**Q** 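If you scroll down you'll find the structure; I have some questions about it.
Since we're looking at a predicted model, the values are computed, not measured. Residue numbering restarts at 1 for every chain, and letters A, B, ... go by the order of the sequence lines.
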Amino acid sequence: MIINALAIKLFKEAMKAEKYLTRKGQYAPVLKQGGYWANRLVVMKALANELKLSRYGLVVSKRVGKAVVRNRVKRQLREVLRQTPLKSGWDIVFIARPAAATAKYADIDKMVRGLLSQAQLLAKDNEEACLRLS
RNA sequence: CAAGUAGACCGGGUGGCCGCUCGCUUUUUAAGCGGGAGGAAAGUCCGAGCUCCCCCGGGAAGUAUGGUGUGUACCGCCCAGAGGGGUGACCCUAUGGAAAGUGCCACAGAAACACACCGCCAGCGCCGGCUAUUUAGGUAGCCACUGCCGGCAAGGGUGAAAUGGUGAGGUAAGAGCUCACCAGCGGCCGGGUGACCGGUCGGCUGGGUAAACCCCAUCCGGAGCAAGGCCAAAUAGGGGGACUAAAGGGACGCCCGGCCUGUCCCUGGGUUGGCCGCUUGACCCUGGUGGUAACAUCAGGGCUAGAUAGAUGGUCACCGCUCCAGAACCUGGAGUACAGAACUCGGCUUACAGGUUUACUUGGCCU
RNA sequence: GCCCCCAUCGUCUAGAGGCCUAGGACACCGGCCUUUCAAGCCGGCAACAGCGAUUCGAAUUCGCUUGGGGGCA
């Protein structure tokens with residue numbers, strides 16, 4: 001039973017690791033060595049991670065706004081990434097710029113997808129449609 | 001009806017699609033059902049619970065509070081009292097001591113603490129003028145100037161502030177010197193647990209500042225859930241230094257005494273996982289009773305977020321509200337407050353579109 | 001989440017209740033000097049983060065707000 005529970009927990013953690021960058025140590029190499037793409041709303045940095053899956057992290061500094069605003073920006077970014085399939089094997093960090101605080105969801109969606117297609121990090125079947133859209 | 005005062009409450013709603021997190025259940029790598037931000041979650045300004053540290057005592061120092069009584073687990077909070085403001089409902093107040101001491105009070109002014117510049121008045125002296133008297137010298141009186149020695153603190157002027165205020169008497173001139181009223185102080189009597197209130201009598205009263213030092217009274221050991229505990233993993237159990245009539249130990253620091261310890265300090269390295277703490281609590285709602293009130297108590301009912309880089313959402317449609325434009329009661333556009341739990345409570349402070357409701361005050365009109 | 005600190009001309013600062021209409025240095029502007037520039041000399045511009053309270057009087061004392069900075073196992 002205990003072994004079983006432990007296994008489930010480890011599995012859940014693996015599931016989480018699939019999606020998010022968490023620790024400070026995971027951010028540092030991406031920010032330092034990763035490729036750089038940016039526009040008015042967000043800055044994107046990406047680095048190949050030698051894993052079979054992709055992870056992302058979000059940085060929203062105090063310059064963007066107060067706690068309520070920062071939370072909203074993070075939610076909107078997360079929503080965009082949830083609906084966008086990523087190419088596997090990359091660590092990606094998104095940094096929100098102050099303009100993102102007043103942007104609408106549709107704009108953020110367009111900008112993030114634009115960056116990902118520039119970097120060719122979208123999963124293949126989605127890529128062409130997005131290019132056409134942008 | 002208008003203007004206003006105080007309190008309580010709400011803080012967008014409904015539905016579709018796609019998600020997140022926690023709990024429970026089952027046919028368990030999934031599905032179903034249920035819960036899922038605030039009145040301030042904020043600032044971290046106070047007070048507690050809880051946890052750890054040898055919190056043993058004394059002293060010095062320091063912090064905070066400040067009428068009094070009460071309420072409360074506690075408080076720097078609340079209620080009642082007093083003072084001030086308002087026609088009023090009601091509001092505001094960092095509300096002990098300035099005859100314990102020290103300091104400061106610029107400029108102005110005589111003087112900012114024990115003073116007298118101008119001034120008013122009495123006495124004496126000198127010089128001058130006038131009047132009366134006288135032959136003259138002189139004598140007497142009055143007036144003005146000035147000097148000396150006193151009395152006074154009313155008036156003038158300065159200032160933020162000048163030794164109770166107004167009126168009458170009184171006096172050489174004045175002055176609580178005397179009287180009336182008011183303000184203040186003290187005693188006595190009555191009421192109240194008390195702050196205090198009311199009455200009465202007395203003598204006559206001498207600045208401000210304590211959010212200046214200070215005095216008095218009360219309070220305070222320190223740190224904070226990144227507290228602290230358990231499990232797993234990982235790595236050197238390394239290097240240097242100090243030590244037995246001395247060293248170290250007070251979870252900020254000082255002094256003294258006690259007590260405890262064989263170790264203590266510096267440097268270097270490793271782990272940055274999981275679980276517990278972690279949500280039922282001085283809890284919330286309704287009603288009764290007691291109390292001037294804050295609040296207490298009894299009965300019934302309820303369970304109301306627990307994330308861990310941090311969930312509580314995204315989007316679409318319709319409705320509500322505000323503003324603008326057309327227009328004529330519909331249409332279009334823009335917007336929809338302050339703000340996001342992180343151990344938990346009680347307060348305080350600050351931010352807040354709009355709305356609901358209760359009680360009360362003042363004024364106007366009608367019956 | 002918790003615990004602290006700071007705010008004065010464009011910049012660095014002085015100031016400790018009245019002498020502050022806030023001083024100094026650098027910078028900037030104008031003039032003198034010089035063939036010109038620099039240096040030097042003379043003059044000028046320019047600030048108490050905001051709101052309230054205490055006081056006769058606040059840059060200074062107290063409270064709240066705003067902005068900035070630092071620390072933690």
**Q** Over all heavy atoms of both residues, which pair between A/Ala100 and A/Val73 is shortest? Give the atoms and the distance, please.
**A**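 Shortest heavy-atom contact: O-CG2, 3.9 Å.
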**Q** A/Gln76: what forms a side chain to side chain donor-acceptor pair (under 3.5 Å) with it, not counting sequence neighbours?
**A**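 Here no residue qualifies.
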**Q** Test of understanding: with side-chain contact (heavy atoms from CB on, under 4.5 Å), list the residues that count as partners of A/Asn39, not counting sequence neighbours.
**A**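 A/Leu41, A/Val42, A/Met111, A/Leu115.
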**Q** Determine the Euclidean distance between corresponding P atoms of B/rA108 and B/rG159; express it in Å to zero decimal places.
**A**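 Per the computed distance, 11 Å lies between those P atoms.
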**Q** Does C/rA7 pair with anything, Watson-Crick or G-U wobble, both distances under 3.5 Å, and if so, with which nucleotide?
**A**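 Base partner found: C/rU66.
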**Q** Which heavy-atom pair separates A/Tyr105 from A/Val80 by the least distance, and what is that distance?
**A**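 Scanning both residues, the minimum pair turns out to be CE1-CG2, 3.8 Å.
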**Q** Quick one: classify the glycosidic conformation of B/rA227 as syn or anti, with syn meaning within 90° of 0.
**A**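 Anti.
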**Q** Quickly work out the A/Tyr56 OH to B/rG310 C1' distance and round it to whole Å.
**A**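 Those two atoms, OH and C1', are 14 Å apart.
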**Q** Considering only atom P, compute the distance from B/rU336 to B/rG32 and round it to an integer number of Å.
**A**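 Their P atoms lie roughly 36 Å apart.
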**Q** Partner of B/rA311 by Watson-Crick or G-U wobble geometry, both contacts under 3.5 Å, or none?
**A**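 Check on B/rA311: unpaired, no WC or wobble geometry under 3.5 Å.
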**Q** Counting only Watson-Crick pairs (N1-N3 plus N6-O4 or O6-N4) and G-U wobbles (N1-O2, O6-N3), all under 3.5 Å, who is the partner of B/rA144?
**A**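 No nucleotide pairs with B/rA144.
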**Q** Using both distances under 3.5 Å as the test, list the Watson-Crick or G-U wobble partner of B/rG15, or none.
**A**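 Partner of B/rG15: B/rC316.
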**Q** Counting only Watson-Crick or G-U wobble pairs whose two distances fall under 3.5 Å, which nucleotide matches C/rC45?
**A**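 Partner of C/rC45: none.
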**Q** Classify the glycosidic conformation of B/rU304 as syn or anti, calling it syn when the angle lies within 90° of 0.
**A**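 Chi for B/rU304 falls in the syn range.
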**Q** Roughly how far, to the nearest 0.5 Å, is CH2 of A/Trp37 from CE of A/Met44?
**A**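 Between A/Met44 CE and A/Trp37 CH2, I get 5.0 Å after rounding to 0.5 Å.
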**Q** Paired with B/rA337 by Watson-Crick or G-U wobble geometry, both distances under 3.5 Å: which nucleotide is it?
**A**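 By the stated definition (distances under 3.5 Å), nothing pairs with B/rA337.
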**Q** Just jot down the side-chain contact (heavy atoms from CB on, under 4.5 Å) partners of A/Val68, sequence neighbours excluded, or say none.
**A**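 Residues passing side-chain contact (heavy atoms from CB on, under 4.5 Å) with A/Val68: none at all.
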**Q** Pick out the pairs of N or O atoms, protein on one side and nucleotides 311-315 of chain B on the other, that lie under 3.5 Å.
**A**
{"unit_1": "B/rU312", "atom_1": "OP2", "unit_2": "A/Arg75", "atom_2": "NE", "d": "3.0"}

**Q** What's the gap between B/rU200 and B/rG47 when it is taken at their P atoms, as a whole Å value?
**A**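 That atom pair is separated by 50 Å.
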**Q** Check the chi torsion on B/rG39 and let me know: syn if it falls within 90° of 0, anti if not.
**A**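 B/rG39: syn.
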**Q** Roughly how many Å apart are B/rG194 and B/rG184, using the C1' atom of each and rounding to a whole number?
**A**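 These two C1' atoms come out 24 Å apart once rounded.
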**Q** Who is the Watson-Crick or G-U wobble partner of B/rA114, with both distances under 3.5 Å?
**A**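 The base-pairing partner of B/rA114, which may sit in any strand shown, does not exist here.
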**Q** B/rG96 and B/rA294: how far apart are their C1' atoms, nearest whole angstrom?
**A**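 Per the computed distance, 25 Å lies between those C1' atoms.
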**Q** Would you measure the distance from the P atom in B/rC75 across to the matching atom in B/rC219 and give it in whole Å?
**A**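 One P to the other, the span is 11 Å.
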**Q** Can you tell me, in whole Å, how much space there is between the C1' of C/rC45 and that of C/rG10?
**A**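 11 Å, rounded to whole Å.
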**Q** Could you report the tightest heavy-atom contact between A/Lys74 and A/Leu58, atom names first, then the distance?
**A**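 Looking at all heavy atoms of both residues, the shortest contact is O-CD1, 3.9 Å.
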**Q** Strictly by Watson-Crick or wobble contacts shorter than 3.5 Å, is anything paired with B/rC330, and which nucleotide is it?
**A**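 Its partner is B/rG326 (Watson-Crick or G-U wobble, both distances under 3.5 Å).
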**Q** CG of A/Leu121 to CZ of A/Arg113: how many Å apart, nearest 0.5 Å?
**A**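 The CG atom of A/Leu121 sits 14.0 Å away from the CZ atom of A/Arg113.
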**Q** Classify the glycosidic conformation of B/rG176 as syn or anti, calling it syn when the angle lies within 90° of 0.
**A**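 Syn, angle within 90° of zero.
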**Q** Does B/rU279 count as syn, meaning its glycosidic angle lies within 90° of 0, or as anti?
**A**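 Nucleotide B/rU279 adopts syn.
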**Q** Using the C1' atom on both, measure B/rU95 against B/rA80 and round to a whole Å.
**A**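 15 Å, rounded to whole Å.
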